[in-house]
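Okay, structure first, notes after.
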Amino acid sequence: LVAVAVEMLGVYLALCFLPYAMWVWRRRMEFWTLVVCCLGVLIMYGFVTTNVGALYRFRYPYLMVLVTLGCAGLVSALERLRVRGFSREADVGPALHG
């Protein structure tokens with residue numbers, strides 16, 4: 001039970017970065033193809049599956065695609081912050097040394 005809670009915490013944290021990934025790759029057709037297909041299947045399974053255990057197993061592959069896209073959004077955000085941080089250090093460095 002604790003393992004499932006930790007797994008779902010990771011899933012929800014990764015899904016928090018899915019909107020950022022949607023913004024970054026909003027013009028990429030392959031991104032939207034994956035998102036629309038996965039969301040469509042997840043919604044369909046949610047409507048037609050009455051057994052929660054079966055729903056958990058059936059939705060897993062499609063949910064993991066969205067989680068992977070959310071993780072890619074997190075990596076992209078961290079990379080942009082890292083690059084921005086290095087450029088600020090380069091701008092400030094010479095001014096401090098005068």
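Just so you know, residue 1 is the first one in the sequence shown, and it goes up from there. All values below were derived from every heavy atom in this structure, side-chain atoms included, with hydrogens, water molecules and symmetry-related copies excluded.
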- prompt: How many angstroms lie between atom CZ of R59 and atom SG of C38, to the nearest 0.5 angstrom?
  reply: 13.0 Å
task: Please round to the nearest 0.5 Å and tell me the distance separating atom OG1 of T68 and atom CG of L63.
output: 9.0 Å
message: One pair to check against side-chain contact (heavy atoms from CB on, under 4.5 Å): M64 and V11. What are the steps and the verdict?
response: CA-CA 8 Å; M64 287 302 113; V11 167; 3.8 Å; yes
statement: All heavy atoms of A21 vs all of G73, minimum pair found to be CB-CA, 3.9 Å
- line: The reported gap from CZ in R80 to CZ in R84 (rounded to nearest 0.5 angstrom) is 8.5 Å
- line: dist L69:CG -> M22:CE (nearest 0.5 Å) comes out at 8.5 Å
statement: Nearest heavy-atom contact between C16 and P19 is O-CD, 3.3 Å
message: Side-chain heavy atoms nearer than 4.5 Å, only ILVMFWY residues, links allowed to pass through others: does that put L15 and Y60 together?
response: yes
query: Taking atom CH2 of W25 and atom CH2 of W32, what is their separation to the nearest 0.5 Å?
result: 12.0 Å
query: Any chain of hydrophobic side-chain contacts (each under 4.5 Å) joining L55 to V4?
result: yes
Enclosure of Y56 OH (heavy-atom neighbours >12, cutoff 6.0 Å): yes
query: Would L34 end up clustered with F17 when hydrophobic side chains under 4.5 Å apart are linked, directly or stepwise?
result: no
- request: Taking R82 for its side chain and E79 for its backbone only, find out whether a donor-acceptor pair lies under 3.5 Å.
  value: no
query: Is a side-chain donor or acceptor of S76 paired with a backbone partner of A72 at a separation under 3.5 angstrom?
result: no
query: Roughly how far, to the nearest 0.5 Å, is CZ of F58 from CG of N51?
result: 8.5 Å
- request: Decide whether L42 and M8 are clustered together by the hydrophobic rule: side chain heavy atoms of Ile, Leu, Val, Met, Phe, Trp, Tyr closer than 4.5 Å, transitively.
  value: yes
- request: Answer with yes or no whether the hydrophobic clustering places L18 together with L39; edges join I, L, V, M, F, W, Y residues whose side-chain heavy atoms lie under 4.5 Å apart.
  value: yes
message: Tell me whether R28 at atom CZ has more than 12 heavy atoms from other residues, nucleotides or ligands lying less than 6.0 Å away.
response: no
